[in-house]
Structures are given as C-alpha cells and as structure tokens.
Amino acid sequence: MKTQIVVVGGGAGGLQLVRLLGARFGRDDYDVILVERNHTHIWKPLLHEVATGSLDANLDEVGYRSHGHRWNYRFFYGSLESVDRQAQEVVIAPIHDEDGTELISRHRIRYDYLVLAFGGMSNDFGIEGVKDHCLFLDNREQADRFRQKLLNNCLRVSRGLAADPHAEAYVKVAIVGAGATGVELAAELFNAAAGLRHYGLEVFDEARLQVTLIEAGPRILPALPDGIAASARRELELLGVKVMTSTQIARVTEQGLVTKSGDVIEADLKLWAAGVKGTDVAEHLGDFEITPTRQIKVLPTLQTTIDERIFAIGDCAYYKREGEARPVPPRAQSAAQMALTAYKNIVAMTTGKPLKPFTYRDYGSLVSLSRFSTVGSLMGNLVGGRMAVEGRIARLVYLSLYRKRQ
Ligand SMILES: Cc1cc2nc3c(=O)[nH]c(=O)nc-3n(C[C@H](O)[C@H](O)[C@H](O)COP(=O)(O)OP(=O)(O)OC[C@H]3O[C@@H](n4cnc5c(N)ncnc54)[C@H](O)[C@@H]3O)c2cc1C
C-alpha cells in the first residue's frame, strides 16, 4: 500500500506544500493528495482587486486539476468535516450539485501523514450586526459579492446624477480594519471608480465615492513602521479617504456603523477586515487543542500537540515561539514558510531523520495603494536590517513579487 500524504486546503500554504511534496515523492510509492473545497485557487492578497473589479479573477486563478497533473499530486474536490485519528482517516462532507442533489455521499480518505492548511476567516469579535450587515473578503465569492454591490450602488448614483447633475448622491463605503486589506481596498476603490466612466457609467467618477477607513488602534498599518504608516495615511487622505483611528465599532445596523462613543457612520457598503480567526471546521475537527480564536495549537515542529502524524500550517495554526511576545502572524509569507518546514519535517519522518523547529522570518511587507503608490518595509541581509521603501522602487518590488507568485 502506498504511503498517503494528505493536505487539506490549497491556499497560500497548502498549494506550496503539495507542489513540494509532489515534486519530491511523485506517484511511485507515495500518494500526495490535496483536499480542497474549491476547484480553483486565487491568491487571497489579490481579493481586494477582485472586489473592485480591477482584476479579472478568471485570468489569475489556478486550476487544481491541471496544477496537480503538472506537480504530481492528486486533487480531491471536497470539504473536510472531521478527522478520525484512530482510523487515520479524514471525513469529507457530502458533495452536492447546484440544485442540491447529492453527487458524492460523505466519504473517508486514509492518511499516513496529514497537514491541515484550511486557513482562517475574518474575526467579527462577536460584535452585534457584523455577520448580518457587513461584507467580508475571505474568498472569491465574497469578493464577487462586494463587486456586484459596489456596481449596483454606482449605477444607482449614476442614474440619479443623469436626472439631476447637482444631486447630492454618493456611494458610501465604510471599511473596518486598517491593516493591509483595508488600506489596499480603500485606495483601489478610487482607481476602480475613476475607470467606471469608460465602462458605461459616464456621469460617475471618483468624486462620487465616500470612503471611510476605521481602525480601533491608534494608527493604520500596525505591522509597518510609524513613518511608513504615516505616509500611507497621507496618500489615502489625498485620494479622499476619511481615516478614523482609535475608533471602536460597537454595533452594525443596515444603515451603518455605530461607534463606542455613539456616532453613526452611514454606509451603503460595510466591509469588515478587522482580524483573523480559525474557521468553523476547527471546532468540529476532533480532539485537537484549539485557542479561543479557533486556531490549532502546534509544536515548534508544526506537528499538532496531540498527534505527531498531523501537522497544521498557515492561518489555521497557532504557534508562539518560546520567548516571543506574539504568535506567528496570519500572513501569506508565514503560511509559505510553514509549508517549507512541514515539507522538510515530513521528509525527515519518512527517512528517519530528526525534525527541525520552525523559525519565522519577517521579510517585510509591501502595501499597494493601487496605481497611486506603494509603501512598505523590506527586511533581511540584502538591505542590512529593515528598510522603508516607498514610491517607484516599492512599486517595482511589489510587481516583481506578484509576478514571482504568478
Ligand atoms: C483580502 C486579503 C488580503 C491579504 N493581503 C495580504 C498581504 O498583502 N500580505 C500577506 O502576507 N498576507 C495577506 N493576507 C493574508 C494571507 O492571504 C493569509 O494569511 C494566507 O492566505 C493564509 O494562507 P493559508 O494557506 O493558511 O490559508 P488560505 O490561503 O486561506 O487557504 C486556505 C484554503 O483552504 C480551503 N479550505 C477551507 N476550509 C476547507 C475545508 N473544510 N475543506 C477543504 N478545504 C478548505 C480554502 O478554500 C482555501 O483554498 C491577506 C488576506 C486577505 C483576506
């Protein structure tokens, strides 16, 4: 019987991992299997561009079947329900077609090694009304939904202006959370709005857009140095974004957001991008040790605390190195680095070698303010520590990293 290595989730971490495992093990004595609930992969950091319509996701996504054929892994379409550790099997939920007819009933896949890489989702912190009235950007469907609602609202305003050019008509967008997602989306909205007049909305332009970016912390982009965050804020304000820091949202209604101090921020579209937590599946997975934010606790080797044959990587994993103040952040570069460590440790287990601990290295972050600017910081030996970058150089680095990823 072949040794089966099963990876659940083909995102930033899982996709990299199956590529490495497939290239190393091939299909002779091993079976590398990716279980994923979508047919195609789109890189999450691009979702804000999908949401504004600046990027056609169909052109940028990767089909798992062809990718698997190229890199020697098998793709199983399905959604993980739970893990049966005694039987060493994952349980996959029944698969239905669009009409709800069951195509494949609940089934099981055997594993010798299992890697959980099913990511996370936005954290609503249990705040009243968020789930019901906010949009999120956790996956392609949500990004498509945002784009549709944005276009509908632009159309509404455009029709109003066609009837009365002096009407006080605006599309109001409120974004909660001024991390990379919130900041990039705010800038991208102005780029998209400027382009709409070429696509039939002739009387609509960026002046009809009112964007408010709300952050509970004292400044935007908390992961970046102060100076860089201040530059980004200046750029956003020049575009017309209203930036509100030290502002906590207490409640969300259909009309808008209510702050802790009782102010109401009216909005047609409310986007929640204020933090990350584990997905629902983590809670029903089995007897794994999970944190209050539903992430699976892992050892320094990235093996789960209760089973050495099961690893967890990326946003669904929780790892805080001894002596560090914070856990590894939920970022694409963390997921990719964890994938590499998990790969090396699985190879070590199959060859009877000792496993290595995971070390997270922050290579810096770049935040794209659409075509208007790019800001960020690069870390590492090449630049001699931490270097703040802005403008054209930052844009070039951003674009080259994007091409590399593609
Ligand atoms: C809009 C946005 C912008 C971002 N920008 C940046 C950025 O600029 N820089 C940065 O470093 N990070 C960024 N991030 C964070 C980054 O995208 C994540 O940290 C990273 O994708 C995590 O990788 P992952 O492999 O753990 O999970 P993901 O990439 O989320 O992949 C998880 C995969 O698991 C699949 N899955 C989920 N549940 C199941 C299930 N039950 N069964 C089967 N499959 C399942 C999903 O379909 C998905 O394909 C951004 C995130 C968002 C949402």
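Remember, it's a predicted structure, so these values are computed and weren't measured experimentally. Both ligands and their constituent atoms are indexed starting at 1 by order of listing.
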[X] heavy atom under 4.0 Å from ligand 1:
X: Arg37; value: yes
X: Tyr64; value: yes
X: Thr279; value: no

Under 4.0 Å from a heavy atom of [X]: which atoms of ligand 1 are those, numbered in the order shown and with their elements?
X: Gly119; answer: 26 (O), 27 (O), 30 (O), 32 (C)
X: Gly78; answer: 42 (N), 43 (C)
X: Leu137; answer: 1 (C), 53 (C)
X: Pro330; answer: 15 (C), 19 (O)
X: Thr181; answer: 1 (C), 2 (C), 3 (C), 4 (C), 52 (C)
X: Ala335; answer: 23 (O)
X: Gly314; answer: 26 (O)
X: Ala117; answer: 32 (C), 33 (C), 34 (O)

Could you check which of Gly13, Pro45, Ser79 puts a non-hydrogen atom nearest to atom 6 (C) of ligand 1? Pro45

Below 30° counts as parallel, above 60° as perpendicular, anything between as tilted: where do the rings of Phe75 and His39 land? perpendicular

Looking at ligand 1, does any of its N/O atoms fall within less than 3.5 Å of an N/O of [X]?
X: Ala180; value: no
X: Glu36; value: yes
X: Ala332; value: yes
X: His48; value: no
X: Lys44; value: yes

Below 4.0 Å, non-hydrogen atoms only: which portion of Asn38 touches ligand 1? Side chain, backbone, both or neither.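 Within the 4.0 Å criterion, Asn38 contacts ligand 1 through side-chain atoms alone.
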
Can you confirm whether more than 12 heavy atoms, excluding those of [X], are under 6.0 Å from its [atom1] atom?
X: Arg70; atom1: CZ; answer: no
X: Glu102; atom1: CD; answer: yes
X: Glu283; atom1: CD; answer: yes

Side chain to side chain, [X] and [Y], heavy atoms closer than 4.5 Å:
X: Ile249; Y: Thr259; answer: yes
X: Ile5; Y: Tyr73; answer: no
X: Gln255; Y: Val264; answer: no

So does Arg294 pair up with Asp280, basic N to acidic O under 4.0 Å?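 The answer is yes: the pair qualifies as a salt bridge.
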
Are the charged groups of Arg233 and Glu237 less than 4.0 angstrom apart, N to O? yes

Checking side-chain polar atoms at under 3.5 Å, does Gln148 have a donor or acceptor matched by the opposite partner on Asn152?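 Side chains of Gln148 and Asn152: pair found under 3.5 Å.
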
Asn58/Arg140 under side-chain hydrogen bond (donor to acceptor under 3.5 Å, both in side chains): CA gap, chis, key distance, verdict: CA-CA 10 Å; Asn58 296 321; Arg140 164 126 190 231; 3.2 Å; yes

